[in-house]
Amino acid sequence: MTPPGRFFCADAARARHDPFVGTAPFGSVWVLIEYRRAWPANGFDGLDLDPETKTLVFAAARANRARILLVRRHGRRRPEGSDRWAVLHHDSSGALRQRWGSWHRDRDLAQIVTALDSPGEPGLAPVVLVCAHGLHDACCAVRGRPVGQALSARWPDLVWECTHVGGDRFAANVVVVPDGVYYGNLDARSAVTVVEDHLADRIRADHLRGYTTLRPPQQAAVAAVLRRFGPAGRHDYAVTATAAADDGWRVSVSGRAPHARLLDVEVRARRTPARQLTCRGPANSSALVYDVTSIRDR
């Protein structure tokens, strides 16, 4: 339940039934930095760190198109010991790779620069991130922290709370990395089901915002295929081509066994009326929505 008497963007978005498909930001590299003290509203950018080290990390992340997120365990547990950092990414073949380290002094974070240029280790378990960045947007805390608590109770070694991941009005938001899968409009119960399915390589369309390795129209196309034909593994469907079509795009999607099929998906974009989209939004703004108009066998 959200407190009465003030505006909450996630409540408003759910009341409007705002579509969330195609809203996963593009990217395949993540930098996670454990930080157990209060998170600034602008995350890593707002930390009072050694300026030289901070500049090095930021520049390396920008060169690799990596997103930097502050993370912590639910309840900020682990009061002793060094904090951790991680670099997670897809390599050129699509394999998932991770590299982890620890930091006690600011300059220890310079290890991230080297890690961004190294191949990392394959075969490690994915990381489940729950946005709980309340200073950035109230809904991220109000809706995110109960989800973080529920998921942490089930998978304590996989789950971290994190800073802003985008799409405040779709809180609670969960991102699985380096798989690059965004889920939204979750609560404690649905989040456990979604993550359980994800870890079994069974992705459903119900709460899927998109895959970060795809552009928004492609995300919408794959989500529509999952909705039409049922859950499938993260790599069971691939986008093979995207072409401009009347008022939108024609996205070609191919499936591998047991979902072997070739499909053409028609996607159109439209803008919503101007609305307040975040709790702290200074002005109303519109959002792009991606509608699938047809799915045809090729």
What distance do R209 atom CZ and T23 atom OG1 have between them, rounded to the nearest 0.5 Å? 3.5 Å
Parallel, tilted or perpendicular: rings of Y290 and W249 (30°, 60°): tilted
Rounded to the nearest 0.5 Å, how far apart are CH2 of W85 and CD of Q111? 5.5 Å
Would you find a donor on one side and an acceptor on the other, under 3.5 Å apart, between the side chain of Q98 and the backbone of A125? yes
When you look at Y35 and L47, which way does the side-chain contact (heavy atoms from CB on, under 4.5 Å) test go after all the steps? CA-CA 10 Å; Y35 193 82; L47 292 185; 3.6 Å; yes
Establish, from distance only, whether the side-chain atoms of S102 and R84 form a donor-acceptor pair under 3.5 Å. no
V127 side chain reached by L158 side chain, heavy atoms, under 4.5 Å: no
Between D108 and H104 (side chain of the first, backbone of the second, donor and acceptor by atom type, cut-off under 3.5 Å), is there such a pair? yes
Show your working on side-chain contact (heavy atoms from CB on, under 4.5 Å) between V195 and W155 and close with a plain yes or no. CA-CA 10 Å; V195 172; W155 297 282; 3.6 Å; yes
Taking every heavy atom of V239 against every heavy atom of T242, the minimum-distance pair comes out as CG1-OG1, 3.7 Å
Donor-acceptor contact present, side-chain S286 to main-chain R271, <3.5 Å: no
Under 6.0 Å from the CZ atom of R234, do we count more than 12 heavy atoms belonging to anything else shown? yes
Say whether L199 and L186 are linked into one hydrophobic cluster, either directly or through other cluster members, by side-chain heavy-atom distances under 4.5 angstrom. yes
Worked verdict on V222 versus R227 for side-chain contact (heavy atoms from CB on, under 4.5 Å): CA-CA 9 Å; V222 171; R227 189 173 297 280; over 6 Å; no
Short N-O contact, E52 and R107, less than 4.0 angstrom: no
Should Y182 and P25 count as side-chain neighbours, where that means a heavy-atom distance under 4.5 Å? yes
Is the number of heavy atoms from other residues, nucleotides or ligands under 6.0 Å of R202 CZ greater than 12? yes
Do other residues, nucleotides or ligands put more than 12 heavy atoms under 6.0 Å from the CZ atom of R16? yes
Could you tell me if the side chain of F44 sits less than 4.5 Å from the side chain of I33, heavy atoms only? yes
N284 to Q276 - nearest heavy-atom pair and separation: OD1-N, 3.2 Å
Quickly, which of L151, L69, V176 forms a side chain to side chain contact (heavy atoms under 4.5 Å, CB included) with L129? Name it, please. L69
Heavy-atom closest contact (D137 atom, C9 atom, distance): OD1-SG, 3.6 Å
Check: R268/T293 side-chain N/O donor and acceptor closer than 3.5 Å: no
Side chains of R143 and N173: do they bring a donor and an acceptor to under 3.5 Å? no
Pairwise side-chain contact, R145 with E161, heavy-atom cut-off 4.5 Å (strictly under): yes
Give a yes or no on whether the backbone of G148 and the side-chain of S152 come within a donor-acceptor separation of less than 3.5 Å. yes
Please work out whether the ring planes of Y237 and H259 are parallel, tilted or perpendicular, with thresholds of 30° and 60°. tilted
Between L262 and F229, is there shared hydrophobic-cluster membership here, with clusters defined by ILVMFWY side-chain heavy atoms closer than 4.5 Å? no
Out of curiosity, does I203 fall in the hydrophobic cluster containing V251 (side-chain heavy atoms, cut-off under 4.5 Å, transitive links)? yes
Is the count of non-hydrogen atoms from other residues, nucleotides or ligands lying under 6.0 Å from D117 atom CG greater than 12? yes
Heavy atoms of A150 and A188 approach each other most closely as CB-CB, 3.8 Å
Shortest non-hydrogen pair, Q219 vs G210, comes out as OE1-CA, 3.4 Å
Below 4.0 angstrom, N of the basic side chain to O of the carboxylate: do E196 and R154 qualify? yes
CG of L32 to CG of L70, rounded to nearest 0.5 Å, is 9.5 Å
According to a hydrophobic-cluster definition based on side-chain heavy atoms being under 4.5 Å apart (Ile, Leu, Val, Met, Phe, Trp, Tyr only), do L277 and V165 belong together? no
Residue pair T240 / V253, side-chain heavy-atom distance below 4.5 Å: no
Check for a donor-acceptor pair, side chain of R99 on one end and backbone N or O of A115 on the other, with a separation under 3.5 Å. no
Is L88 close to L96 at the side-chain level, that is, under 4.5 Å between some pair of heavy atoms? no
Do the side chain of K54 and the main chain of D106 share a donor and acceptor less than 3.5 angstrom apart? no
Are any of the side-chain heavy atoms of I68 and V57 separated by less than 4.5 Å? yes
What closest approach, in Å, do H164 and C131 show between heavy atoms, and which atom pair accounts for it? CA-SG, 3.8 Å
Under 3.5 Å side-chain donor-acceptor pair for R67 and T163: no
Rounded at 0.5 Å granularity, tell me how far CG in L208 sits from NE2 in H198. 10.0 Å
S254 versus R261, side-chain donor and acceptor atoms under 3.5 Å: no
Separation between CZ of R72 and CH2 of W160, rounded to the nearest 0.5 Å: 12.0 Å
I want to check something: taking the side chain as every heavy atom from C-beta on, are Y183 and V147 in contact at a cut-off of under 4.5 Å? no
Determine, step by step, whether D291 and R270 satisfy the salt bridge (Lys or Arg N to Asp or Glu O under 4.0 Å) criterion, reporting the C-alpha distance in whole Å, the side-chain angles of both residues, the deciding distance to 0.1 Å, and the verdict. CA-CA 8 Å; D291 297 319; R270 59 182 170 88; 2.5 Å; yes
Are W39 and H133, when compared by the centres of their aromatic rings, separated by less than 6.0 Å? yes
Flag, side chain of T53 to backbone of L109, donor-acceptor distance under 3.5 Å: no
Transitive ILVMFWY side-chain link V267 to V21, under 4.5 Å: no
Could you tell me whether D48 atom CG has more than 12 heavy atoms of other residues or ligands within 6.0 Å of it? no
What pairs with Y211 under side-chain hydrogen bond (donor to acceptor under 3.5 Å, both in side chains), at least two apart in sequence or on another chain? none
Pair V175-V181, side-chain contact (heavy atoms from CB on, under 4.5 Å): steps then yes or no: CA-CA 6 Å; V175 187; V181 182; over 6 Å; no
Residue pair R296 / S294, side-chain donor-acceptor N/O under 3.5 Å: yes
Interatomic distance, CZ@R275 vs OG1@T272, rounded to 0.5 Å, equals 5.0 Å
Pairs flagged by salt bridge (charged side-chain N to carboxylate O under 4.0 Å, His left out) wherever residues 164-181 is involved - sequence neighbours left out: D18-R169
